> 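Structure provided below as structure tokens; questions to follow.
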2 protein chains.
Amino acid sequence: MTKIAFRTRIEDLRRRELIQAAHRVFMQHGLGGMTTKRICEEAGMSPGILSYYFKGKEDVLFAMVRLNNRLLMEAVATGLAQATTRWGRLEAIIAGNFPEGLFETNIANAWLSVCAASATNQRYARLQRIFYARLQSNLASVFRDALPDARFKQIALALGTMIDGLWLRRATGEALSPQDSTTLVLSVAVALLTEAERAQLAA
Amino acid sequence: MTKIAFRTRIEDLRRRELIQAAHRVFMQHGLGGMTTKRICEEAGMSPGILSYYFKGKEDVLFAMVRLNNRLLMEAVATGLAQATTRWGRLEAIIAGNFPEGLFETNIANAWLSVCAASATNQRYARLQRIFYARLQSNLASVFRDALPDARFKQIALALGTMIDGLWLRRATGEALSPQDSTTLVLSVAVALLTEAERAQLAA
DNA sequence: CAAAAAACTGAACGCACATACAAAAATTTA
DNA sequence: TAAATTTTTGTATGTGCGTTCAGTTTTTTG
């Protein structure tokens with residue numbers, strides 16, 4: 001009993017350490033420069049340890065991407081919980097997609113690599129789908145019952161696409177701060193909505 | 001004289017063949033799956049030939065990316081030449097960024113890989129800068145002398161970002177046709193402009 | 001405090017790759 | 001046609017990678 005409990009505790013700890021080390025290596029060297037040796041070195045362990053706690057390098061990578069996505073989704077969730085009006089929720093969703101400390105060139109770049117890899121990696125593709133579904137669902141919670149279906153979809157698509165585009169530009173080095181990015185997306189949201197619709201969302 | 005002329009002709013031919021072969025391999029296997037062996041095989045040559053006509057694999061890759069960018073920029077230029085009004089030019093620029101036959105999942109994916117690689121590859125970064133500068137300059141030719149500077153920049157940024165975002169989504173497999181993409185970006189352009197501004201651009 | 005189990009090490013292996021290069025084939029020249 | 005030159009081939013070489021595993025250290029058990 002105690003045996004299993006301890007074993008699990010150590011396993012989880014080492015896994016977490018390796019995933020976080022992988023994350024740091026990813027940020028610094030990109031998807032291509034992420035070698036098992038570097039990951040283990042970053043974690044302060046020997047190169048063979050990775051195979052002991054994971055099935056292989058792919059497993060660590062996958063866990064790392066999942067962690068990254070979770071961080072982003074949590075940033076949005078935190079903001080959403082504090083919002084009271086629909087418009088406030090919209091602001092929270094948009095701002096949450098450019099979190100201070102996460103909306104950085106290297107992270108954006110890493111995310112881009114994963115998007116590209118999604119084409120040939122089914123597990124990544126699945127993670128991406130989950131992520132986008134969540135974004136869509138969050139936006140739906142703002143517009144549902146306030147806008148006709150077709151209109152909601154167009155607006156959600158436009159805003160989601162802009163968020164993606166801003167991340168892409170962040171990856172290429174073009175500096176646009178989290179605040180400026182949020183402002184830009186919100187200005188498009190304002191432009192796309194009629195005055196009546198805006199009033200409805202402010203309530 | 002004839003010697004050099006012939007030599008050059010053959011060299012150029014082989015280089016083109018290899019670049020196009022690299023392009024096809026890129027489309028099918030992604031940036032990671034692009035090996036010299038596969039490229040030469042696709043070109044119907046022996047694996048050693050690549051080093052004979054290029055300095056190395058990087059050279060072929062770079063030439064290939066440049067070709068891709070040129071195709072996209074030419075698509076825009078073709079449309080621009082036919083437009084008569086400012087608004088027509090805007091439509092041409094946007095539609096030209098989603099050319100039939102080029103706005104495909106695998107091409108978008110390849111382009112994404114290059115964006116990601118730009119972070120660590122100066123030559124790629126330079127190509128990207130040239131590409132974006134051209135887009136910006138094209139947009140400027142529409143709005144210059146019609147809109148105040150600050151407004152123009154905001155609108156150009158919003159539209160450019162949306163175009164990027166749509167390419168990114170194309171890469172992840174979400175199907176949005178060239179027509180739908182163009183329509184979406186144009187609808188945002190319409191929303192961002194006042195009625196008076198639109199009238200001015202129609203002239 | 002042994003004995004047993006778990007955690008960890010690091011050298012070794014096999015594999016895939018980019019590149020180099022000597023030899024062969026094809027083409028041009030005289 | 002014979003020599004010279006260019007073009008092409010296919011193997012060889014070196015490198016870096018992920019993974020394995022026999023052995024070592026650390027921790028737990030009885």
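Throughout, a chain's letter reflects where its sequence line sits, starting with A, and its residues are numbered from 1. What you are looking at is a predicted structure, and each value in this text was computed from that prediction instead of being measured.
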> Which nucleotide wins on minimum distance to the side chain of B:Lys57, given the candidates C:dC8, D:dT9, C:dA18?
C:dA18
> Check this for me: does any side-chain nitrogen of one of B:Glu17 and B:Arg14 sit under 4.0 Å from a carboxylate oxygen of the other?
yes
> Using whole Å, what does the distance between atom C1' of nucleotide D:dG10 and atom CD of B:Glu41 come to?
14 Å
> Mind checking if B:Thr35 touches a base, just sugar-phosphate, or nothing, with heavy atoms under 4.0 Å?
sugar-phosphate
> With nearest nucleotides of DNA chain D determined for A:Ser51 and B:Arg14 from heavy-atom distances, which residue corresponds to the more 5′ nucleotide?
B:Arg14
> Specify the separation, in whole Å, of atom CD1 of B:Ile49 and atom P of D:dT6.
15 Å
> Return the nearest nucleotide to the side chain of A:Pro47; candidates are C:dG10, C:dA18, C:dT9.
C:dG10
> Rounded off to whole Å, could you give me the CG-to-P distance for the A:Leu13 and C:dA7 pair?
11 Å
> Is the phosphate of C:dT9, meaning OP1 or OP2, less than 4.0 Å from a side-chain N or O of A:Tyr52?
no
> Below 30° counts as parallel, above 60° as perpendicular, anything between as tilted: where do the rings of A:Phe98 and A:Trp167 land?
parallel
> Give the nucleotide from the list D:dT7, D:dT9, C:dA7 with an atom nearest to the side chain of B:Ile10.
D:dT7
> To the nearest Å, how far apart are A:Arg38 CZ and D:dG16 P?
11 Å
> Rounded to the nearest angstrom, tell me the gap between atom CG in B:Leu61 and atom C1' in C:dC17.
14 Å
> Quiz question: by atom type and distance under 3.5 Å, do the side chains of A:Asp164 and A:Tyr132 form a donor-acceptor pair?
yes
> Rounded to the nearest angstrom, tell me the gap between atom CD1 in B:Ile39 and atom C1' in C:dC17.
12 Å
> Once you round it to whole Å, what is the distance between P of D:dG10 and CG of B:Leu50?
16 Å
> Within the structure, does a side-chain N or O atom of B:Ser46 lie under 4.0 Å from either OP1 or OP2 of D:dG10?
no
> Does a side chain donor of either B:Gln20 or B:Glu42 reach within less than 3.5 Å of an acceptor in the other side chain?
no
> Name each donor-acceptor pair under 3.5 Å that joins a side chain in residues 54-71 of chain B to protein atoms two or more places apart or in another chain, with its distance.
unit_1  : atom_1 : unit_2   : atom_2 : d
B:Lys57 : NZ     : B:Met34  : O      : 2.9
B:Glu58 : OE1    : B:Asn121 : ND2    : 3.2
B:Asn68 : OD1    : B:His23  : NE2    : 3.0

> Base, sugar-phosphate, or nothing: which does B:Phe54 touch, judged by heavy atoms less than 4.0 Å apart?
nothing
> Expressed as a whole number of angstroms, how long is the span from B:Leu31:CG to C:dC17:P?
14 Å
